[in-house]
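Worksheet for the structure shown next.
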Amino acid sequence: MTTLKIPTPLRPYADGKSNIKVQGQNVDEVLQKTIQEHPNLRKHLYDDSGELRPFVNLFLNEDNIRQLQGVETKLDEEDILKIIPSIAGGQAAI
Amino acid sequence: MNSQINVLEKIETQSIISSSLPSLVGNTPLLPLEKIGQHLNPQVSLYAKAEWFNPSGSVKDRPALNIILEALERGEFSEGQHLLDSTSGNMGIAYATFGATLGIPVTLILPSNASKERIQILEALGAELILTDPLEGTDGAIKKAMQLSKQEPGRYFYANQYDNPNNWKAHYQTTGPEILQQTGQSITHFVAGLGTSGTLTGVARYLRQNLPQIEIIGVQPDGPLHGVEGLKHMASAIQPGIYDPTTPDRIIHVSTEESYCMVRRLAREEGYFVGVSSGSAAVAALRVAEELDRGNLVTIFPDAGFKYLSDEELWKES
């Protein structure tokens, strides 16, 4: 299962969890399953049209998924996916 | 021949007008927002204080310099001691700039997801950087700075921008008087983003003393996860010690998407190439201005857009 790491500001919307184990083929599937379990996370991650909000950066291990295949990026069992706020814009060095 | 050289040297020396960096802090221009405000009632005017004209490029020059000078004045720095603080960028750049000028070593704690440009600028200025877990955000950096200052009090002077009253006093002493003078005392509304809250607190306290009827509006991101560098969602973050929630008459919440969109408009319609928090300030100021029949609104544009260029999402038309 992929480990989804939740940043501090979003933990209140995920029952206080910092890590969530989710089964999913790609990033979108992992996020959708997480939101099914924690629906209050949705508005912080997606806009009204269902697009990932522009400042929500998702890092698969060390890589921003925007530089991979976006939410279609495939995931392996041991992958770690981190939700990182774009506090200062730019490409973060995690 | 010698007398000619002496004369030339005299002329050259006399014609040089130089300034120290600290003497150039403040006295920033007040720019009109004519295009984005062209639909407003003709009796309503909107202005922004262009803080990127400060020497290190942001509004943070004012509090950083005041914190350093007050600490030196009170003998709070020992020889070789490092100035320590947590920062998401601009305050660190200001500390590093004046630290270099005044010969003070600077250690900064910032989340590792600070933009590449910021980290490069801080390294270029010679600051020592300690990067914290990006998942913990700016609050993680604050906690780390507190911890280090307790562990090694001899090594560090903890500037603590969030709790240091010399932060808001810088704005009480400089930004507030400048705005009053630049508007000929005609300002009716002051709109500013809330980060440490130093700008809003200091300017509001000064303006209220001189214009008791003035309305003060604070600007915050609309949620705990946001992309507005420098601003805090107070309800979910560690509240700065200098923040007094009774200072603003009201708070306007602005989304990151609205701020991004406004940053692009300001660049393309006004020629003001500004950072994201300036976009938030402009969105809120425009919202207030649209409610009015008459008034002169002033907001603060904290920095320019250069440090945000690597954020491709910001510059993309939605």
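Below, chains carry the letters A, B, ... as their sequence lines are ordered, and counting in each starts from 1.
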Looking at [X], I'd like to know if its [atom1] atom is crowded, meaning that more than 12 non-hydrogen atoms belonging to other residues, nucleotides or ligands lie closer than 6.0 Å.
X	atom1	answer
Glu78(A)	CD	no
Gln147(B)	CD	yes
Lys43(A)	NZ	no

From OG (Ser112(B)) to CD1 (Ile84(A)), nearest 0.5 Å: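 Rounded to the nearest 0.5 Å, the OG-CD1 separation comes to 7.0 Å.
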Distance in Å, Leu135(B) CG paired with Arg11(A) CZ, rounded so as to fall on 0.5 Å steps: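 Result: 6.5 Å between the selected atoms.
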Test item: Thr8(A) side-chain N/O and Gly140(B) main-chain N/O as donor-acceptor pair under 3.5 Å: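 No, because the side chain of Thr8(A) does not come within donor-acceptor range (under 3.5 Å) of the backbone of Gly140(B).
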Chain A contact via Leu225(B) - side chain, backbone, both or neither, heavy atoms under 4.5 Å: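 For Leu225(B), backbone and side chain are both near chain A.
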Chain A contact via Asp133(B) - which portion, at a heavy-atom distance below 4.5 Å: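 Neither the backbone nor the side chain of Asp133(B) comes within 4.5 Å of chain A.
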Sub-4.5 Å side-chain heavy-atom contact between Arg66(A) and Glu313(B):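 Yes. Closest side-chain heavy atoms under 4.5 Å.
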Partner of Phe55(A) under side-chain contact (heavy atoms from CB on, under 4.5 Å), chosen from Val276(B), Thr256(B), Asp311(B):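 Per the side-chain contact (heavy atoms from CB on, under 4.5 Å) rule, the option paired with Phe55(A) is Thr256(B), out of Val276(B), Thr256(B), Asp311(B).
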Chain B contact via Arg53(A) - which portion, at a heavy-atom distance below 4.5 Å: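 Contact with chain B: backbone and side chain both.
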Atom group of Leu45(A) that falls short of 4.5 Å from chain B, counting heavy atoms: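 The side chain, not the backbone.
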Heavy-atom pair of closest approach, residues Pro9(A) and Pro224(B):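 That closest heavy-atom pairing would be CB-O, 3.5 Å.
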All salt bridge (Lys or Arg N to Asp or Glu O under 4.0 Å) counterparts of Arg42(A), not counting sequence neighbours: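 Scan of Arg42(A) (salt bridge (Lys or Arg N to Asp or Glu O under 4.0 Å), adjacent residues dropped) gives none.
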Salt bridge flag under 4.0 Å for residues Glu136(B) and Lys82(A):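 Looking at Glu136(B) and Lys82(A), the cut-off is not met.
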